[in-house]
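Have a look at the structure below, then the notes.
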Amino acid sequence: MDAQANASRTIPSEVTSRSRDQSTVDGSPSGRALGAGQHLAAIVDNSDDAIVSMAPDGIILSWNDAATRMYDYTAAEAVGRPIDIVIPEDAQLRAEELEIRGRIAQGERIHHIETFRRTKHGHLIEVSLSISPVRNASGTIVAAAGIARDISERKLFQAKQHLAAIVDNSDDAIVSKDLSGTILSWNEAATQMYGYTLDEAMGRPIDIVIPEDERLRAQELEIRERIAHGERIHHIETVRRHEDGHTIDVSLSISPVRDSSGKIVAAAGIARDISERNRAFETGQHLAAIVNNSDDAIVSKDLSGTILSWNEAATQMYGYAAEEAMGRPIDIVIPEDERLRAQELEIRERIAHGERIHHIDTVRRHKDGHTIDVSLSISPVRDASGRIIAAAGIARDISEQNRAFDTKQHLAAIVNNSDDAIVSKDLSGTILSWNDAATHVYGHTLEEALGRPIDIVIPEDEHLRAEELEIRERIGHGERIHHMETVRRHKDGHLIEVSLSISPVRDASGKIVAAAGIARDITERKLFQAKQHLAAIVETSDDAIVSKALDGTILSWNEAATQMYGYSAEQALGRPIDIVIPEEFRNQELEIRDRIAQGERIHHRETRRCNRGGQHIDVSLSVSPVWDTSGRIVAAADIARDISKRRQLEEERERARGLLERFVDFAAHDFKTPMHHILWFGQEATRLIGDCSSMESGECLSEVRVRLEKIVANSFWMNNRTEALLRASGLQGPRQIRTQVNAEKAFDESLAMLRSVDLNVADAYVTRGSLPVVASDEYLLGFLFQNLLQNAIKFGQIGQPVRVHVSAVRRLDAWRFTVADNGMGVPEHLREQIFEPHMRAPDVEAPGTGIGLTFCRRIVDWHGGRIWVEPGRKGGSRFSFTIPDQEAPPT
Amino acid sequence: MTGEFSPFVLVVDDEAPDREQIKRVLQRYGVPSYDVPRAFEAIAYLKREGSFADARRPTLVLLDWKLPGTGLSVLRTIRESKELRAIPVVVLSRSGADVDVTAAYNGFANAFVKKNIDLNEFHQQLSSICDLFLRVALLPGAGSQPMPLF
């Protein structure tokens, strides 16, 4: 026991004494058993999984280093306290824990349940938990051993895997590179487009796909510079180069990729081949599913019946340690019954002929003499030349009888339960033990591995072989190797990335006799990191990327989709894709999904989507199938590029240009006429003065005076209009301030001014009621009256004098002004349009003033009022506008 | 209107000073005229509608292009009417924009003249129009003799 306490450093003294009590009950273990116990204790100590054992009442008995790392309690803090310290305070989880303990007490094992645990600091961890009962020599369950693995990362992995599948399946070349231009990821479409395979491209500069053109290289540097500043590059059209030298026209979008801390670490480019549409598509997804389901006793023997291998479950089932059993006849586990011995001989005979024995029910004998009902499967084991050299038997305990355990079985259960490959080897490298997980990870069965050199799992690489020798050297000196990342080889030749911990195994005298290695397959973790990178690309893309099941249910939704469609990911996930498809495009969507289900792809189809508010968006859509690992099409990934913004922008620009043109036209016309007249009157006055000698002096002077007065009137008019236009054009800014304006004065002055320059107005009968003082601007209010008066006169009835009456009535918190005329009236269909800037009906519109009413609306809008037109009661039009009271400024 | 041919001009312009100048030149040529400020009146006049039932048929129309109801609608009315389409129409405008010039000729205007900003030049332009359409050119119904000089 001293040796055990020595090896299992984290088990404090009181537990050691508990173990000692148990070992006293067990009887005196042999030195060999002690050695095996020590061997397994070293393994537990080394494990990256939190391994904790507890008494039936939940009191913690042992606590390894990994448990300390996971839960933050040290062994000293945890041992002796209830297991509840790591169980969240949740009624359901506490009930689950009690139920587990109940099942353990009944002798059940719990395999890989996913649940939650709590750290010392209250932080929740998702774990995969396996628990097995620990029995003493008399078969009584004295404890439960739990192995917990943190799977928070794995859960995240599954989510990211989906996004990664989208990148992998995309038909746009998606390539990421670090900020120095080194390629970090490369999808299948990139290989299709550029010719380089993933292996050829990774780690090389992005320049391999950029033509040797100074301008393009400079562009690339500029792009990386902009990405480094967090900018995004949208759909630039540029040129790329294929491996064989030909160039490809591409539309390129590049976005920054940030790490979890938000730092920009890479640039992700999505290139769409716009020169060539048809690309051959190949998919070669291959998954080898390896299922390891052996809690069964696995024993191999040669054809004469000598035991060649003996796994931990065999030890548990038959009571013999491997050391005890190996080399002895198989008869040690067969009851001394003539019939059963004959059956065994018959089985070996059949195996020698290459037969397999499936699930025969028979009886075996425990070391202590009790019999065990087993279901037995036996298969021949062949050497490399195909010769049958042994028989491998898998026995499953089907009896309800209990099997005997001794204290070291506690740890043996743990090793057997581990999901990490646990292999021990002597210092010359010969494999001494091999657990189920090792078979799972490396492909070699226990029978195949035992006794063979550890080199069977080491790639034939000089460097790695040298590393292994160095490790054994260090172990020989008592060192431990912690979590070293290296590469191992599967039986079928494929390489596995592993995290490896190795510790020395000492015999009773303390001499190092072996090395125990715990290897965790981190290929998945590496894959995870790669997939995480791809997932980041989807998340940061500025194309809306959405995947949906074949029935249309939304499965993933990136940030750009949220921007485009207005639904957050939470709102969209699980709902039908129809929420973003206008009704008239639903059939097209069904047809697309149908084609996707057949493995087809949809390239850059221009179609329409709708956002949450029901507005339509023109998009260029690419859809590709998403395959699961078994090669089945399970979803469709939509990549939608918003082209409506581009269109809308063009239209807006067009409208703005139109508006500007019309403003200029209006201003020019408004000024040109009075300017001409000023000039003409000036010329006439000059000529009259020259002719004065031939006229009566009074007549000459009065003729000249008339011209000069007109020049003055037109000059005033132009000044007034200039002021009003300047103020009107600045209405959207905060510059203009409302003041108290006497509307009567503003009206009378603007009418007088209009009359002095426009004889048509002079001929009209214009009257007004009493008008109020309002919060306004005198020039703008005058402009409003002038425009409405001119309008009334332009559209007066033929052959009738124009009559205009202006009045104002008090409304709740505004004044309503009405300009009523006896004119032609405004046809119903134009009553709204005449205030719109785009209105241009040449047969109805007056020259250059099509925009006049648009200015009127803008002025009224600035007041916070409303302008409209309605037919008069006796014909004609009634233009009305409101001027709300100005709110008192906040005090 | 008698069978006897005598020139008569319809002036369509919304600006009173412009109408005034045009009338002055026409008076120098001794040609009577009628003026209306808007397209609506011009059309009613030409179609002899309402108070224009007895309106005299013009032998020349001087048509401002930018005026209420638009010059184009007056031009169309003339060219679309069997009775009126032979009447020469000279378009006058402050704008010389090609879009206006083209639209006028597409509507079968006989000439397009941009009103000169200089009053003397403007008079000269009007004199040229009168010379051509009232003296040099033969108009339908005028017989073989153009109008004699003064």
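In what follows, chains are A, B, ... by sequence order, proteins preceding strands, each numbered from 1. What you see below is based on every heavy atom in this structure, not just the backbone, and it leaves out hydrogens, waters and symmetry mates.
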Quiz prompt | Parallel, tilted or perpendicular: ring planes of A:Trp680 versus B:Phe122, cut at 30 and 60 degrees | solution = parallel

Okay, B:Pro17 and chain A: the region with an atom under 4.5 Å from a heavy atom over there is both

So CZ of B:Arg24 and CD of A:Glu684: to nearest 0.5 Å the spacing works out to 4.5 Å

d(B:Asp18 CG, A:His677 NE2) to nearest 0.5 Å is 4.0 Å

*Crowded around B:Tyr105 OH? As in, over 12 foreign heavy atoms under 6.0 Å?*
yes

Turns out that what part of B:Glu49 lies under 4.5 Å from chain A's heavy atoms comes down to neither

- Query: Going by heavy atoms in the side chains, are A:Lys672 and B:Ile117 under 4.5 Å from each other?
  - Reply: no

To the nearest 0.5 Å, atom OG1 of A:Thr686 lies from atom CG of B:Leu119 at 10.5 Å

So CD of A:Gln683 and CG of B:Asp118: to nearest 0.5 Å the spacing works out to 4.0 Å

d(B:Arg94 CZ, A:His676 NE2) to nearest 0.5 Å is 5.0 Å

request  = Taking atom CZ of A:Phe716 as the centre, report whether more than 12 heavy atoms of other residues, nucleotides or ligands fall under 6.0 Å from it.
outcome  = no

